[in-house]
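Working notes, structure below.
Values in this document were obtained by computation on a predicted structure and should not be read as measured data. Only heavy atoms go into these numbers, but all of them, side chains included; no hydrogens, no water, no symmetry mates.
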Amino acid sequence: MTSVPELKYDEKGLIPVIVQDCRTNEVLMMAYSNKEAVEKMYETGYTCFWSRSRQKLWKKGEESGNVQRIKSIQADCDDDTLLVRVEQTGVACHTGNPSCFHKLIYGDLSETAAIIPDLVRVVKERKKDPSDESYTCKLFRNETKMCKKVVEEAAEVVLACKDHDNDELAGEVADLFYHTLVLVVKEGLDIEKVYAELWERSQ
């Protein structure tokens with residue numbers, strides 16, 4: 001087992017833990033762990049926290065089954081906060097929402113990366129529960145059309161680039177991203193394999 005590094009716990013012996021989806025980077029939840037809980041995470045490979053209300057250790061998903069398998073743990077620059085990337089089973093929030101951070105109380109999400117996990121969920125839901133009216137489902141049923149759309153949208157991206165029209169380019173990149181995502185979900189490709197390839201290319 002990898003040894004647990006020295007961390008800075010607060011006066012109550014706790015350290016904040018931010019939990020993030022390893023595939024989408026969506027922030028799922030924030031909780032606290034003590035030294036024993038951190039050691040449990042290293043030992044078991046699953047998130048473990050300290051309940052301040054119940055004054056006891058708890059493994060995420062021990063009752064619901066919505067466990068979090070740890071992919072990585074990072075400490076911040078002061079060693080007093082942890083960022084844990086996980087493979088989430090089911091949903092993270094007890095309300096049934098994918099993330100505990102589902103209440104928008106200021107600003108607008110329309111120009112943020114928040115659309116990524118939402119779009120992934122919608123496409124996966126279309127595959128799981130198909131509808132005759134859904135464009136996504138029509139692509140799922142017609143592999144040739146699905147593949148052609150990726151090629152077509154890639155060409156449109158190039159043309160928009162040559163025209164130096166950023167508004168048009170944004171739309172075409174969005175179309176290419178969407179149609180590529182449909183293909184990825186249809187083929188059941190684990191996006192982690194893509195990340196691994198990108199990681200290799202970045203070294």
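Residues Val157 and Val151 are members of separate hydrophobic clusters, defined by side-chain heavy-atom contacts under 4.5 angstrom among Ile, Leu, Val, Met, Phe, Trp and Tyr. No continuous path of hydrophobic side-chain contacts links Val38 to Ile18 [ILVMFWY only; heavy atoms under 4.5 Å]. Cluster membership for Val194 and Val184, using ILVMFWY side-chain heavy atoms within less than 4.5 angstrom, is shared. Follow the hydrophobic side-chain contacts under 4.5 Å out from Leu189 and you reach Ile191 in the same cluster. Leu83 is not connected to Ile73 by any chain of hydrophobic side-chain contacts under 4.5 Å among Ile, Leu, Val, Met, Phe, Trp and Tyr, and they are in different clusters.
Distance check, rounded to the nearest 0.5 Å: SG of Cys147 to CG of Asn142 gives 9.0 Å. Here the straight-line distance linking atom OG of Ser33 with atom CG of Leu14 works out to 8.5 Å at 0.5 Å rounding. Note: Asn34 CG to Leu57 CG = 5.5 Å, rounded to the nearest 0.5 Å. Considering CD1 of Ile70 and NZ of Lys60, their distance stands at 13.5 Å, rounded to 0.5 Å. Taking CZ from Phe101 and CD from Glu26, the interatomic distance works out to 10.5 Å, rounded to the nearest 0.5 Å. Here the CG-CG distance, from Leu176 to Leu181, works out to 11.0 Å after rounding to the nearest 0.5 Å.
Val91 is not listed as a side-chain neighbour of Cys93, based on a closest heavy-atom distance of 4.5 Å or more. By the 4.5 Å heavy-atom criterion applied to side chains, Glu156 and Asp175 are not counted as neighbours. Annotation: side chain of Leu82 is in contact with side chain of Leu7 (closest heavy-atom distance under 4.5 Å).
Salt-bridge annotation for Lys40 and Glu36: absent, with no side-chain N of the basic residue lying under 4.0 Å from a carboxylate O of the acidic one. Salt-bridge formation is not detected for the pair Lys193/Glu197: no Lys NZ or Arg NE/NH1/NH2 atom is positioned less than 4.0 Å from an Asp or Glu carboxylate oxygen.
Leu28 and Pro98 get closest at one heavy-atom pair: CD2-O, 3.7 Å. Gln68 and Thr47 get closest at one heavy-atom pair: OE1-OG1, 2.7 Å. Between Leu139 and Lys149 the shortest heavy-atom distance is CD2-CG, 4.1 Å. Minimum interatomic distance between Cys137 and Arg126 (heavy atoms only, all atoms of both residues): SG-O, 3.5 Å. When all heavy atoms are compared, the tightest approach of Val182 to Val123 is CA-CG1, 4.1 Å.
For residues 64-89, every residue pair satisfying the salt bridge (charged side-chain N to carboxylate O under 4.0 Å, His left out) rule, not counting sequence neighbours, is listed here: Arg23-Glu87, Arg69-Glu87, Lys71-Glu192.
In summary, of the residues considered (Lys127, Lys128, Glu125), a side-chain contact (heavy atoms from CB on, under 4.5 Å) with Val185 occurs for Lys127 alone. Remark: of the listed residues Phe49, Tyr46, Tyr32, Phe49 is the sole one forming a ring-ring contact (aromatic ring centres under 6.0 Å, His included) with Trp58.
Judged purely by atom type and a 3.5 angstrom limit, Glu39 has no side-chain atom pairing as donor or acceptor with the backbone of Tyr42. Between the side chain of Asn97 and the main chain of Ser99, no donor-acceptor pair closer than 3.5 Å is present. With hydrogens and angles disregarded, a donor-acceptor distance shorter than 3.5 Å links the side chain of Gln20 to the backbone of Asn25. The closest donor-acceptor contact from the side chain of Thr81 to the backbone of Pro16 lies at 3.5 Å or more, if one exists at all. Gln203 contributes a side-chain N or O that, together with a main-chain N or O of Trp199, makes up a donor-acceptor pair within less than 3.5 Å. Judged purely by atom type and a 3.5 angstrom limit, Thr180 has no side-chain atom pairing as donor or acceptor with the backbone of Val150. Within the 3.5 Å criterion, the main-chain N or O of Glu153 finds no donor-acceptor partner in the side chain of Glu172.
Taking a 6.0 Å sphere around CD of Gln55, one finds it holds more than 12 heavy atoms contributed by other residues, nucleotides or ligands. More than 12 heavy-atom neighbours from other residues, nucleotides or ligands sit within 6.0 angstrom of NE2 on His102. Other residues, nucleotides and ligands contribute at most 12 non-hydrogen atoms within 6.0 Å of the CD atom of Glu143.
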Could you go through the side chain to side chain contact (heavy atoms under 4.5 Å, CB included) check for Val86 and Asp21 one step at a time?
-> CA-CA 5 Å; Val86 304; Asp21 189 295; 5.7 Å; no

Stepwise side-chain hydrogen bond (donor to acceptor under 3.5 Å, both in side chains) check, Tyr178 with Thr136 = CA-CA 9 Å; Tyr178 159 75; Thr136 301; 2.7 Å; yes

Does the pair Ile15 and Lys8 meet the rule for a side chain to side chain contact (heavy atoms under 4.5 Å, CB included), with working shown?
-> CA-CA 7 Å; Ile15 188 169; Lys8 296 177 183 176; over 6 Å; no

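Through direct or indirect side-chain contacts shorter than 4.5 Å among Ile, Leu, Val, Met, Phe, Trp and Tyr, Leu104 is connected to Leu109.
Figure legend: Lys35 and Tyr9 shown without cation-pi pairing, the cationic atom not lying both under 6.0 angstrom from the six-membered ring centre and within 45 degrees of its axis.
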